[in-house]
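In what follows, a single structure is set out as structure tokens and then discussed.
Start at 1 with the first residue, then count along the sequence. As the structure is a computational prediction, the values presented were derived from the model and not from experiment.
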Amino acid sequence: MVQLYNLHPFGSQQVVPCKLEPERFCGGGRDTLFVAAGCKVEVFTVVGQELCQPRCVFSTLGRVLRLAYSEAGDYLVAIEEKNKATFLRAYVNWRSKRTENSRVCIRMVGHDVEAPFSETFRDQMSIVEMPLSEAPLCISCCPVKGDLLVGCTNNLVLFSLKYQIINEEFSILDFERSLVIHIDNITPAEISFCVGYIAVMSELEVLIVKLESDPKNRESVNHHPHKTTNPTKQAEGISNETSQLESDDFVICQKPMELLGEKSKQSGISVTLESTGLADEKIKYFHVRHLLYRRFAPDISSCLLSDDVRLHSLQLLPIYQTGSLTSDRKNSSQEKVLLSLFCFFSLPHVGYLYMIVKSVELLSVYQYPEKSQQAVLTPQFLHVITSNNLQCYTVRCSAAAAREEDPYVDTTLKACPPISMDVCALRIQLFIGLKAICHFKNHVVLLTKADPETVPERRESPKRFLSRKGTSVNPKTPPVAEAGWNLYIVNTISPVQLYKEMVDYSNAYKTAKTQSCIHLLSEAHLLVRAALMDASQLEPGEKAELLEAFKESCGHLGDCYSRLETQHSHLALPYYKMSGLSMAEVLNRVDWAVEDGSQKYERGLIFYINHSLYENLDEELSEELSAKVVQMFYAAEPKQLPHILCSPSMKNIDPLTAIKYLRKLDTSGFSSVLVTLAKAAMALKMGDLDMHRNEMKSHSEMKLVCGFILEPRLLIQQRKGQIVPTEFAVHLKETQPGLLVASVLALQKNNKIGIEEADSFFKVLCGKDGDTIPQLLVDFWEAQLVACLPDVVLQELFFKLTSQYIWRLSKRQPPDTTPLRTSEDLINTCSHYGLINPWVNVLISSESLVDKNYMEDLSKLQSLICGPSFDIASIVPFLEPLSEDTVAGLSVHVLCHTRLKEYDQCIDRLLERCPEAVIPYANHELKEENRTLWWKKLLPELCQRIKCGGEKYQLYLSSLKETLSVVAVELELRDFLNVLPEDGTAAFFLPYLLYCSRKKSLT
């Protein structure tokens, strides 16, 4: 059974002043009602709560059988009957109709209009005749594009809406018959059309297909019938067998069937496409995708079959993406983007609502308490009429559309009531003699008529159920119009007003803590959500009121899920987020009253508070609320107490209160080091340094690092998107910087903090901004190299360190704090720091460097360059600030060029600046394939410089002797003679020649 709430969705009502009994009526846009009676159509203006006023009247060719209005194109279309013949006519520019006798232009569809008639068309109504090869049975207008679909016995005809351009200032509306859809084995009683989606309904069958563009098949579709689904042989067999068995003694009923997606091709219904438009670029080429086939069986439980057991009220309801309003608050069809599409159809006692865009899914089934006659679906409600009641049901369209539009629905950020939630009836309103219903904007239009005493008529043979083809859908000639009818306009109340009534109604369930409270508040939430999605119906200023109601409804749902014991208590978090309530406002809504001293806190509230405190919200709770939060978590989630105390939102907690609860915790079940660190942080907040030291001494440094991994907010917090070091971190910087660096390194290793966040943390902690790098950050970079973290890009880290070393060496800037590691420590513990080449020490010793910090930076830079992982080419352009005028700069430049194998250049520099380092350099670097440089480069250079004399003559001479000793060993006598200078003194070179000549005999 559907739950019934006695709410009041209907407001005032008024009688439409029709002159004749209405035969057909429909809404027109935002403010118009069309009523067809006899051979006339009366047009009424409906504005707000005011009485509807007659606007104009125009004549039709005959009695109106079907009537439809299209907002796109602003035209009215009708199926009319005269002399037992049916006609299809569209009424265009009807707003220009002043009086009933005003001139009217009648033209044939698709015929070009000559320019001289433009002024005539501008100021008068036009009637567009649309001839068909078969009699039209039903019609439907696309609400998005304005295209017209006409249902006939054996086919559907699609007329595309277009505009004939008369001149630059004027164009007229016209249609083009662009597609014929041949259908077999089903005769349409009703059709519905929306953006390529087609729903066809017979008495007991519904078929939904989609026309899709298919440029690849252009040749096969253009101007030629193209079968997309062939009728199965099985279906033909059933049809033949049925016709053979037809007699007055048998009733053949096909079994009920529901086929979704591609399986619906098995329905046995043939769909054939035939393009009839002109062969130009604007022609659309289609193929068919089957979405749904549903067949029902008649009720044969009674001996006599009711003549009224048939489907009715087929409707496709589109929901568009929100935010498509134009500046003048009129919804332009060109701007409408389809978000979701829903299909409704109904049996006398059951209604079905499907979602059919991305997937075909049955959303809701409506069980009516009595036999229905007609129904109309809106984004907010389903209105159903029976003989004596107007019923209003809730729908799940907005819930389904919300999930299509927003991927964050059903996450911790956003929520929406489930589409599986049971529907309910908001109101069953007594109305005597209801016959027909339609809906537009916020108006429900009802036709009532007091039935005269009915005379039992002979029922048709039940054979009408046997075949899809055997059903006649031609409307019967109605009896002569009688008195006792009325056409009412019932105004639905505003969504906000109904929402408030639903919230008041839900208060009756709050104390009982039942699901009924959640259900009704969820209905209220969906009501407001649907109104916001249906932006075309909003009045100016109404959207702001709806948004406020939406946030309020989210707050109410958050209250329910936070306080009621339910398996969906986690939904308190997204609903509270959507409500815009602050954490303090949520806590103030909690009933803190305790009767027996032990209060039970529900999971929803705990989940919301815990999650909110983890999100680094820029909100600080008062001392009173902070104490209540601590009390709550101590009672409900004691393991989370150390964590929530580290939240920035708990900044105002009294540290004595926090320590009191921390000491009560039983640490056997979870990490005691985390409790210890929490108590140490509170002691530091109180200024009790002795207690802080005692707590920190109770665990080893390794365990303390593990504690910081469990709760990074002990050291690092975020406020307004900025990294903020805690008081604890500031204290460790002064007292235990090694522990601080190790802890941040562990946080990065465990993905608790990013590389850039860590760098920012140390800069803020040390009070440095811009490009200034504190020593503690350099210590952290060095620790990263030692730890060899996998996610650290080595070359970026090398660049950071070398840039800092070079900057400090060039500026002779000492570090702001004592480095945690010496160069020797780094060489011994990190493979990226290599042993410094021996010749570098000779080079450095040539000049006295007494600054220890300077020497440490220089040694670290030299060690990095000598390491195996360093990309030398990337750092050479940044060596410019480090001048070669100093031995420190010279050593770095020579090291880099040596790694780049530029030995000639390095030898020249050393001979010029530090000759005593040349031989150690050559001994270390000129080996194997580079050994030839001893006699090709070094020997000639030394000889040349000795000839020039000068202050360094003795150094060059000593280096030459060392060089000759090496060359004499390496070369044969003839080769040795060839490399000696021609103008050299024989006595000087003779000992080396004698050694070279004896070398062979000795070996």
Of all pairs that satisfy salt bridge (charged side-chain N to carboxylate O under 4.0 Å, His left out), the ones with a partner from residues 775-786, not counting sequence neighbours: Glu782-Lys860
Show every salt bridge (charged side-chain N to carboxylate O under 4.0 Å, His left out) that has at least one partner inside residues 643-653, sequence neighbours left out. Glu620-Lys651
Taking the side chain as every heavy atom from C-beta outward, state whether [X] and [Y] have any pair of such atoms under 4.5 Å apart.
X      : Y      : result
Leu910 : Leu843 : yes
Leu895 : Arg899 : no
Ile659 : Met691 : yes
Ile609 : Leu587 : yes
Gln813 : Asp857 : no
Arg563 : Leu605 : no
Ile907 : Leu926 : yes
Ile865 : Ile875 : no

Mind listing the closest non-hydrogen atom pair of [X] and [Y] along with its distance?
X      : Y      : answer
Met650 : Leu645 : CB-O, 4.3 Å
Pro642 : Val675 : CG-CG2, 4.1 Å
Tyr614 : Gln640 : OH-OE1, 3.5 Å

Around atom [atom1] of [X], are there more than 12 heavy atoms of other residues, nucleotides or ligands at under 6.0 Å?
X      : atom1 : value
Glu929 : CD    : yes
Glu824 : CD    : no
Met686 : CE    : yes
Lys628 : NZ    : yes
Lys811 : NZ    : no

Can a salt bridge be assigned to the pair Arg589 and Glu585 using a cut-off of 4.0 Å between side-chain N and carboxylate O? no
Regarding Glu884 and Arg909, does a basic nitrogen lie under 4.0 Å from an acidic carboxylate oxygen? yes
Return the orientation label for the [X] and [Y] ring planes: parallel under 30°, perpendicular over 60°, tilted otherwise.
X      : Y      : result
Phe708 : Phe728 : perpendicular
Tyr575 : Tyr561 : parallel
His893 : His897 : parallel

Where the side chain of Glu637 meets the backbone of Lys639, is there a donor-acceptor pair that is under 3.5 Å apart? no
Would you confirm whether the ring centroid of Phe798 sits within less than 6.0 angstrom of the ring centroid of His832? yes
Could you tell me whether Phe878 and Phe799 have their ring centroids closer than 6.0 angstrom? yes
Can Gln784 and Gln748 be said to form a side-chain hydrogen bond (donor to acceptor under 3.5 Å, both in side chains), step by step? CA-CA 9 Å; Gln784 284 181 304; Gln748 183 182 339; 2.7 Å; yes
Cut-off 3.5 Å, no hydrogens considered: what does the side-chain donor-acceptor table look like for residues 755-767, sequence neighbours left out?
{"residue": "Glu757", "atom": "OE1", "partner": "Gly754", "partner atom": "N", "Å": "2.9"}
{"residue": "Glu757", "atom": "OE2", "partner": "Gln718", "partner atom": "NE2", "Å": "3.3"}
{"residue": "Asp759", "atom": "OD1", "partner": "Trp781", "partner atom": "NE1", "Å": "3.2"}
{"residue": "Asp759", "atom": "OD2", "partner": "Lys800", "partner atom": "NZ", "Å": "2.8"}
{"residue": "Lys763", "atom": "NZ", "partner": "Gly770", "partner atom": "O", "Å": "3.2"}

Decide whether Ser612 and Tyr576 meet the rule of one side-chain donor and one side-chain acceptor closer than 3.5 Å. no
Does a donor on one side chain and an acceptor on the other come within less than 3.5 Å for Gln862 and Ser891? yes
May I ask you to establish whether Lys937 and Tyr903 are in a cation-pi arrangement, using a distance under 6.0 Å from NZ or CZ to the six-membered ring centre and at most 45° from the ring axis? no
Show the numbers, then the answer: is there a side-chain contact (heavy atoms from CB on, under 4.5 Å) between Glu623 and Thr657? CA-CA 10 Å; Glu623 181 179 341; Thr657 302; 5.9 Å; no
